[in-house]
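To start, the structure itself, in structure tokens.
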Protein chains: 2
Amino acid sequence: MTDDFNLVMDDFLPLRDVVFNTLRKAILTGQLKPGERLMEVHLANKLGVSRTPIREAIRKLELEGLVVMIPRKGAEVAKISEKSLKDVLEVRRALDELIANLACSRITREQLSELKEAAEAFERATKTEDTTTIAKADIAFHDIIMEATGNLRLKQLVNNLAEQMYRYRFVYLKDETKHSMLVKEHSRIYNAILNNDKEAASEAARIHIDNQEKAIIAHIRMEMKEEEMGGNI
Amino acid sequence: MTDDFNLVMDDFLPLRDVVFNTLRKAILTGQLKPGERLMEVHLANKLGVSRTPIREAIRKLELEGLVVMIPRKGAEVAKISEKSLKDVLEVRRALDELIANLACSRITREQLSELKEAAEAFERATKTEDTTTIAKADIAFHDIIMEATGNLRLKQLVNNLAEQMYRYRFVYLKDETKHSMLVKEHSRIYNAILNNDKEAASEAARIHIDNQEKAIIAHIRMEMKEEEMGGNI
DNA sequence: AGATTGCATATTGTATACAAGAAAGTGCGG
DNA sequence: CCGCACTTTCTTGTATACAATATGCAATCT
């Protein structure tokens, strides 16, 4: 049982936020599985706090879409269907296009050189073959573009959407045959932004998401097949 | 004092949700003003419940961006700056374009005729000059398009964004000189969707938001001017 | 006079107690 | 052996009690 996630006491943060972060992380990393019930006293005992902070944390997770409430039954970790994932990706595609587009006109020289460095760092990371390193480099690259838009709300929304599919992020990063493609896609995005070519930037961003979608959907279908097989023994 | 909003008991809904809806409405309609503090005992007494449901409702409002938490100080109604409004509208523009685009290929015949009817109803409403009626007709029109996309997440996000600027909605609906323009814009959107012309639909949606943005920003600037004047007496 | 410290009070943060409803088990009758 | 009703227990929903901290005021010191 790797099931025992513990609180990282942050002392000055309210307990509800500590619990919120802890539970969110547990859901996103798969320690808490889709469909699993979140029982208040159980969590309270486990984390060594009372039910109150637990409940308040759940209210926030509920609005983030990570848990669903069943009236008079309690909270459970939200299941992600292929449909809901497609819905999320459909929105993300539009927002990522917007981000690339906005970044073209708003990026600073400094950010532009950071972006170049980040793209190179990502390429180096793919050589190391350590998925965590690659993932970090990927996030760093996209964070710079997002920052360049200067739109806080946009940033917040995209982060939340990305979160919904966090557990599938490694799927397309683990596949080494895709690495060179990812590097090319990044460089295409970088060049489009460099040239202030909004059309090209949007399209590059769209293609980037499209490819992720394909990989993730394929993975999900496989997972489902496996589950069926398991049930049919 | 129009300050006394009351609970609409929904009996089967948990109190926290009733409180949540009540407070949200109060914020959106301006009964609770930006910067105003939300004190738990005060609200609890006023609404005749204990602090617990109040707190849980505030947690949700917090995540919706309608209130901001100040640690150990409490919650207050979020202020909306011109910048944050522009941020919101920038995102909404992209999402409304997406909605119009998706609706083109996914709308059913039935929804199409509903949409035609809604557009006509909106035109009739502008003749009555009752702002509430007009607002309802406007919402109905856009709801049909949104529904046609079949994307639940998209719907949820756009609703939330629209909410942020709810109190300014009447600004562009009250101005009668704009009515004929709005009617034209709606009919443009309807025709584009009817013809399954995605490009045209997106553009029509974009223009629709652009015009709203102009009206709202102008209104906000005016409001701010007024405030300054008030302070400088 | 101004600043500073200490106290009183108000307000949030957390824990616990109590109420009510749902689910699961148990026993009885068919 | 199966099904239905009753009871028990578990879990959420709500209220309240207690703790910790910030704020404002006043008195005192410089």
Side-chain angles (χ1 to χ4, degrees), chain A residues 3 5-24 26-27 32-78, chain B residues 3 5-24 26-27 32-78:
Chain A
D3 172 75
F5 40 89
N6 280 308
L7 285 189
V8 256
M9 277 309 184
D10 221 333
D11 269 359
F12 55 90
L13 223 60
L15 272 183
R16 60 165 178 270
D17 289 326
V18 181
V19 172
F20 175 66
N21 291 328
T22 305
L23 291 182
R24 175 160 69 172
I27 293 174
L32 287 171
K33 295 194 176 42
E36 193 168 338
R37 285 186 71 184
L38 296 177
M39 279 173 309
E40 297 171 1
V41 280
H42 180 218
L43 291 172
N45 290 335
K46 190 169 213 152
L47 301 180
V49 299
S50 80
R51 278 176 61 209
T52 309
I54 303 278
R55 285 178 66 84
E56 298 192 2
I58 288 178
R59 291 292 91 72
K60 292 174 77 172
L61 292 168
E62 180 189 353
L63 215 72
E64 271 211 331
L66 257 41
V67 314
V68 293
M69 288 299 302
I70 299 166
R72 291 238 156 248
K73 177 99 190 293
E76 62 177 52
V77 180
Chain B
D3 172 75
F5 40 89
N6 280 308
L7 285 189
V8 249
M9 276 310 185
D10 221 332
D11 268 2
F12 55 90
L13 222 61
L15 272 183
R16 59 164 179 273
D17 289 326
V18 181
V19 173
F20 175 66
N21 291 330
T22 306
L23 290 181
R24 177 159 69 173
I27 293 174
L32 288 170
K33 295 192 176 45
E36 194 168 337
R37 284 186 71 184
L38 297 177
M39 279 174 308
E40 296 169 3
V41 281
H42 180 220
L43 291 172
N45 290 335
K46 189 169 212 152
L47 301 179
V49 300
S50 79
R51 278 176 60 209
T52 308
I54 302 279
R55 285 178 66 83
E56 297 192 2
I58 288 178
R59 292 291 91 72
K60 293 173 77 172
L61 292 169
E62 182 189 350
L63 216 72
E64 271 210 330
L66 257 39
V67 313
V68 293
M69 287 300 301
I70 300 167
R72 290 241 156 245
K73 176 100 188 293
E76 61 177 53
V77 180

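Here is the naming used below: chain letters follow the sequence lines, and residue numbers restart at 1 for every chain.
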Identify the two heavy atoms, one from Gly65(B) and one from Ala78(B), that lie closest to each other, and give their separation to 0.1 Å.
-> O-CB, 3.5 Å

If you measure from CZ on Arg24(A) to CD on Glu64(A), what distance do you get to the nearest 0.5 Å?
-> 5.0 Å

Roughly, in whole Å, what's the span from CZ in Arg55(A) to P in dA15(C)?
-> 14 Å

Kindly point out which of dA15(C), dT12(C), dT14(D) is positioned nearest to the side chain of Pro53(A)?
-> dA15(C)

Between Glu56(A) (CD) and dT14(D) (C1'), how many Å, whole number?
-> 13 Å

Please round to the nearest 0.5 Å and tell me the distance separating atom CD of Glu56(B) and atom NZ of Lys60(A).
-> 12.5 Å

Ile54(A) CD1 to dT16(C) C1', in whole Å, measures 14 Å

Does OP1 or OP2 of dG13(D) have a side-chain N or O of Arg16(B) closer than 4.0 Å?
-> yes

Should Leu43(B) and Leu23(B) count as side-chain neighbours, where that means a heavy-atom distance under 4.5 Å?
-> yes

Phosphate contact (dA15(D) OP1 or OP2) by Ser50(B) side-chain N/O below 4.0 Å = yes

State, with a plain yes or no, whether a side-chain heavy atom of Met69(B) is found less than 4.5 Å away from one of Ile58(B).
-> yes

Given side chains that start at C-beta, do those of Asn21(B) and Leu13(B) come closer than 4.5 Å, heavy atoms only?
-> yes

NE2 of His42(A) versus C1' of dT12(D): gap in Å, rounded?
-> 16 Å

Could you state the atom-to-atom distance from CD of Glu40(B) to P of dA10(C) in whole Å?
-> 16 Å

Close approaches to DNA chain D from residues 64-73 of chain A, in residue order (heavy atom, under 4.0 Å) | Arg72(A), Lys73(A)

For Glu76(A) and dT12(D), give me the distance from atom CD to atom P, rounded to whole Å.
-> 12 Å

Leu47(B) atom CG is separated from dT14(D) atom C1', nearest whole Å, by 14 Å

Whole-Å gap separating C1' (dT16(D)) and CG (Asn45(B)) = 13 Å

Residue Met39(A), side-chain heavy atoms: nucleotide from dT12(C), dA15(C), dT12(D) that is nearest | dT12(D)

Using a 4.0 Å heavy-atom cut-off across all strands, classify Leu38(B) as base, sugar-phosphate, or nothing.
-> sugar-phosphate

Of the candidates dA17(D), dA15(D), dA15(C), the side chain of Arg51(B) sits closest to dA17(D)

Going through the checks in order, is the salt bridge (charged side-chain N to carboxylate O under 4.0 Å, His left out) test met by Arg59(A) and Glu62(A)?
-> CA-CA 5 Å; Arg59(A) 291 292 91 72; Glu62(A) 180 189 353; 3.2 Å; yes

